[in-house]
Amino acid sequence: MKAVIPAAGFGTRFLPATKAQPKEMLPVFDKPTIQYVIEEAVASGIDDILIITGKGKRSIEDHFDKSFELEHTLKIAGKDEFLEQVQAITDLADIYYVRQKEQKGLGDAIYCAKKHVADEPFAVMLGDTITKGSMPCTKQLIDTYNKYDSSAIALERVPTEKVERYGIIDGVEIEKNTYEINKLVEKPPVSEAPSDLAIMGRYVLSPDIFDLIKETAPGVGGEIQLTDALSKLNSIYGSIFNGKTYDIGNRLEWLKTSIEFAMDDDMARDDLIQYMKNLI
Ligand code: UTP
């Protein structure tokens, strides 16, 4: 299976940090956000990845490209550990790029993948969203897709007052934590939200989605919304992700995620706890 990572958005919620650098390249503790996303794809058995980029996103390509000068310098300096890390990034997967010419929304970004994906099911992984769980989120969705022979999206329960920030589903639970979806609504007002189950940035879709995006008119925010095209699929299932999701596009979430990931690091944890104690 191939994966598509949309990473062409402007990242306006994180300005000014994202004025001249992609939000997908903002580091979470010690790695750029999009590297976590690619590592999830690889851990899910995917090794063909298409990144949707746009203007000002060059550093994403540079990050996954080979850097002869850097590797040479690290070698001469005997910094073998860093050399291994830098080389491992290049060997992660086969990565391809296509540019979204105008930032017309997530649906439009996915449409840019039509030629590369061709006629097979594919994964969509938002470039500004990291997941952490015992099983990779995308692997969980691939299993749901194979079980029901139908598109599958990852879901997460969100507090009722926050539903207007997400795509929300209406569905019937057909087995524990799996829903047959009847309706999807993008950023509904709290009073109109059909549930508290939000779409959280991971999808495995049948290629029918491309024709449906093509006939989708701009929706919320004047953007071509993937959620609107998903609503037109004949059948779609939702699976509550057995783990945690981090939206890096929101600056406070980004900061919390960096702290949480640093707490997982044996070298950083004690210093960080001491620092936070002193600060508070
Ligand atoms: P977001 O809606 O979170 O991204 O899209 P955004 O538009 O960059 O963010 P704000 O709202 O202005 O802060 C989720 C993912 O889809 C990509 C983004 O790069 C992000 O990884 N995206 C969004 C595109 O590739 N193209 C678009 O036109 C919009």
Side-chain angles (χ1 to χ4, degrees), residues 3-28 31-41 49-61 63-64 95-114 116-117 122-131 137-138 153-154 156 158 162-168 184-188 198-203 205 209-210 213-214 216-230 245-255 257:
V4 176
I5 304 182
F10 283 125
T12 52
R13 284 171 296 154
F14 214 140
L15 281 168
T18 49
K19 185 175 174 225
Q21 68 171 330
K23 69 173 160 182
E24 295 80 6
M25 284 300 292
L26 293 171
V28 168
K31 272 188 280 191
T33 302
I34 196 165
Q35 189 174 330
Y36 290 95
V37 180
I38 288 188
E39 287 171 355
E40 180 192 325
I49 296 166
L50 178 72
I51 303 181
I52 313 295
T53 65
K55 198 171 175 301
K57 301 280 182 168
R58 208 23 227 286
S59 58
I60 298 179
E61 291 179 47
H63 183 71
F64 294 106
I95 304 179
Y96 304 89
Y97 300 89
V98 66
R99 278 170 83 106
Q100 184 187 20
K101 294 193 183 68
E102 264 182 85
Q103 277 86 343
K104 289 196 281 191
L106 179 58
D108 180 69
I110 301 305
Y111 192 76
C112 298
K114 186 175 184 326
H116 185 87
V117 165
F122 64 105
V124 171
M125 310 171 75
L126 298 193
D128 63 350
T129 302
I130 298 176
T131 71
C137 184
T138 300
I153 61 178
E156 181 179 53
V158 292
K162 290 190 181 162
V163 287
E164 55 196 17
R165 294 192 201 163
Y166 300 91
I168 301 290
L184 300 107
V185 203
E186 186 62 33
K187 302 189 174 72
I199 306 172
M200 38 82 31
R202 297 290 186 266
Y203 316 70
L205 302 175
I209 196 68
F210 292 117
I213 294 174
K214 200 171 178 200
T216 298
V220 174
E223 296 192 341
I224 297 173
Q225 298 288 353
L226 179 62
T227 308
D228 294 343
L230 293 174
T245 310
Y246 306 86
D247 173 11
I248 303 308
N250 167 320
R251 55 194 173 171
L252 198 53
E253 282 296 311
W254 166 80
L255 187 58
T257 311

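Just so you know, ligand 1 is whichever comes first in the structure, and atom 1 is the first atom listed for that ligand. Keep in mind that this is a model prediction, so the values were computed, not measured.
- Here D128 has heavy atoms under 4.0 Å from ligand 1 in both its backbone and its side chain.
- Across G54, G105, A8, heavy-atom proximity to atom 29 (C) of ligand 1 is greatest for G105.
- Judged purely by atom type and a 3.5 angstrom limit, Y36 uses its side chain to pair as donor or acceptor with the backbone of V28.
- Looking at K55, its side chain never comes within 3.5 Å of a backbone N or O of A8 through a donor-acceptor pair.
- At least one heavy atom of G11 sits less than 4.0 Å from an atom of ligand 1.
- Interface of L106 with ligand 1, defined as ligand atoms under 4.0 Å from a residue heavy atom, comprises 16 (O), 29 (C).
- The protein heavy atom nearest to atom 3 (O) of ligand 1 is R13 NH2, 2.9 Å.
- Listed for the T33 side chain is a donor-acceptor partner under 3.5 Å among the backbone atoms of L26.
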_Stepwise salt bridge (Lys or Arg N to Asp or Glu O under 4.0 Å) test for D247 and R165_ = CA-CA 12 Å; D247 173 11; R165 294 192 201 163; over 6 Å; no
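- In this structure, the protein non-hydrogen atom closest to atom 12 (O) of ligand 1 is T12 OG1, 2.5 Å.
- Checking only distances, P6 does come within under 3.5 Å of ligand 1, N or O to N or O.
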Checklist entry - What do the steps show when you test T129 against V37 for side chain to side chain contact (heavy atoms under 4.5 Å, CB included), and what is the final call? => result CA-CA 7 Å; T129 302; V37 180; over 6 Å; no
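- The closest approach between K23 and ligand 1 falls below 4.0 Å for a heavy atom of the residue.
- Checked by atom type and distance alone, the side chain of E186 never pairs as donor or acceptor with a backbone atom of D228 at under 3.5 Å.
- Residue A109 approaches ligand 1 through these ligand atoms, each under 4.0 Å from one of its heavy atoms: 24 (C), 25 (O), 26 (N).
- Residue, atom and distance of the protein heavy atom nearest to atom 23 (C) of ligand 1 are G9 CA, 3.8 Å.
- Aromatic ring orientation, Y96 versus H116: tilted (interplanar angle from 30° to 60°).
- For ligand 1, none of its N or O atoms has an N or O atom of K57 under 3.5 Å away.
- Of the polar atoms of I52, none of the N or O atoms is found under 3.5 Å from an N or O of ligand 1, judged by distance alone.
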I'd like to know whether M200 forms a side chain to side chain contact (heavy atoms under 4.5 Å, CB included) with T131, so could you lay out the CA-CA distance, the side-chain angles of the two residues, the decisive distance to 0.1 Å, and finally the verdict. CA-CA 9 Å; M200 38 82 31; T131 71; 3.9 Å; yes
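- Atoms of ligand 1 found under 4.0 Å from any heavy atom of Q100 (numbered from 1 in listed order, with element): 24 (C), 25 (O), 26 (N), 27 (C), 28 (O).
- Atoms of ligand 1 found under 4.0 Å from any heavy atom of E24, numbered from 1 in the order shown, are 18 (C), 19 (O), 20 (C), 21 (O).
- Checked by atom type and distance alone, the side chain of Q100 never pairs as donor or acceptor with a backbone atom of C112 at under 3.5 Å.
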